[in-house]
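Contents: one structure, followed by commentary.
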Amino acid sequence: MTAQEMIDFVDRLYTAAGAGNWDTASTMLTDDFVAHEANGLPMAGEYRGRNGLRDLYATVMALCDAVGFDRVETTAGKDHAVTILSIRFADPDLAPAELCEMFRFRDGKCCEIKPYYYDPATFNAASRAKASAA
């Protein structure tokens with residue numbers, strides 16, 4: 001895949017996931033797809049297979065009241081792309097979670113996503129806020 005093809009792919013994957021179109025999203029992932037979430041986050045662990053992204057998304061949405069994912073830019077090279085984004089939360093007093101997501105590609109599909117949070121405390125605070133409101 002060219003760099004532009006990877007950037008376009010990431011855009012389509014975000015669009016499908018954001019719309020809850022998991023049938024389309026799952027066709028864009030390899031059978032051995034894995035999304036990694038770092039220790040120290042309430043959704044820590046690995047989310048595997050064609051439904052791994054859907055499972056991760058459901059977990060994240062259950063943990064916090066996210067109202068928007070603001071993508072800044074995606075860049076790509078070799079076999080990967082990286083997107084800079086932030087997650088806005090319903091509570092305006094909560095700082096957005098700033099992160100980059102690394103997408104790795106194989107045979108025209110995404111085989112791995114690895115997010116890197118600038119400060120995991122922002123997501124953890126949003127998760128605690130939702131839990132205390134319940």
Close side-chain approach of Lys114 and His80, heavy atoms under 4.5 Å: no

Do Ser26 and Phe33 have side-chain heavy atoms sitting under 4.5 Å apart? no

Going only through I, L, V, M, F, W and Y residues with side-chain contacts under 4.5 Å, is there a path from Val10 to Trp22? yes

So which heavy atom on Ala44 is nearest to which on Ala38, and how close? CB-O, 3.3 Å

Looking at side-chain heavy atoms only, is the closest gap between Thr74 and Met6 below 4.5 Å? no

Would you say Ile87 and Pro96 make side-chain contact, with heavy atoms under 4.5 Å? no

Does the side-chain contact (heavy atoms from CB on, under 4.5 Å) test come out yes or no for Asp65 and Phe89, once each step is laid out? CA-CA 6 Å; Asp65 289 322; Phe89 304 107; 5.7 Å; no

With a 4.5 Å cut-off on side-chain heavy atoms, are Leu56 and Ile113 touching? no

Shortest non-hydrogen pair, Thr122 vs Ala95, comes out as CB-O, 4.0 Å

With side-chain contact (heavy atoms from CB on, under 4.5 Å) as the criterion, how do Cys111 and Arg104 come out once you've worked through the C-alpha distance, each side chain's angles and the decisive distance to 0.1 Å? CA-CA 6 Å; Cys111 62; Arg104 188 169 311 280; 4.0 Å; yes

Assess whether side-chain contact (heavy atoms from CB on, under 4.5 Å) is satisfied between Arg12 and Thr24, documenting all intermediate values. CA-CA 9 Å; Arg12 289 191 314 275; Thr24 296; over 6 Å; no

Is there a donor-acceptor pair under 3.5 Å between the side chain of Thr59 and the backbone N or O of Asp55? yes

Could you tell me whether the side chain of Lys130 and the main chain of Met61 form a donor-acceptor pair under 3.5 Å? yes

Would a hydrophobic clustering, with Ile, Leu, Val, Met, Phe, Trp and Tyr connected at side-chain separations under 4.5 Å, put Val82 with Phe9? no

Evaluate Arg48 against Asp32 for salt bridge (Lys or Arg N to Asp or Glu O under 4.0 Å), listing each step before the verdict. CA-CA 7 Å; Arg48 295 185 167 275; Asp32 63 345; over 6 Å; no

Between Asp31 and Arg50, what is the shortest heavy-atom contact and its length? OD1-NE, 2.5 Å

Any side-chain heavy-atom pair of Phe105 and Glu5 under 4.5 Å: no

Heavy atoms only: give me the nearest Glu37-Pro115 pair and the separation to one decimal. OE2-CG, 3.4 Å

Is Leu99 reachable from Leu63 through a run of hydrophobic residues whose side-chain heavy atoms are each under 4.5 Å from the next? yes

Could you check if a side-chain atom of Leu85 sits within less than 4.5 angstrom of a side-chain atom of Glu101, using non-hydrogen atoms only? yes

Lys109 vs Leu29, side-chain contact (heavy atoms from CB on, under 4.5 Å): CA-CA, chis, key distance, verdict: CA-CA 5 Å; Lys109 294 186 177 191; Leu29 307 175; 6.0 Å; no

Ring centres under 6.0 angstrom apart (Tyr14, Phe69): no

Nearest 0.5 Å please: distance from the OG1 atom of Thr27 over to the CG atom of Asn21. 8.5 Å

Closest non-hydrogen atom pair, Met28 against Leu13: CE-N, 3.6 Å

With a 4.5 Å cut-off on side-chain heavy-atom distances among I, L, V, M, F, W and Y, is there a chain of contacts connecting Leu94 to Tyr118? no

What closest approach, in Å, do Cys64 and Ser127 show between heavy atoms, and which atom pair accounts for it? CB-N, 4.4 Å

Using side-chain heavy atoms (C-beta onward) and a distance below 4.5 Å, is Met102 in contact with Tyr116? yes

Can you tell me how far CG of Asn124 sits from CG of Asp119, rounded to the nearest 0.5 angstrom? 8.5 Å

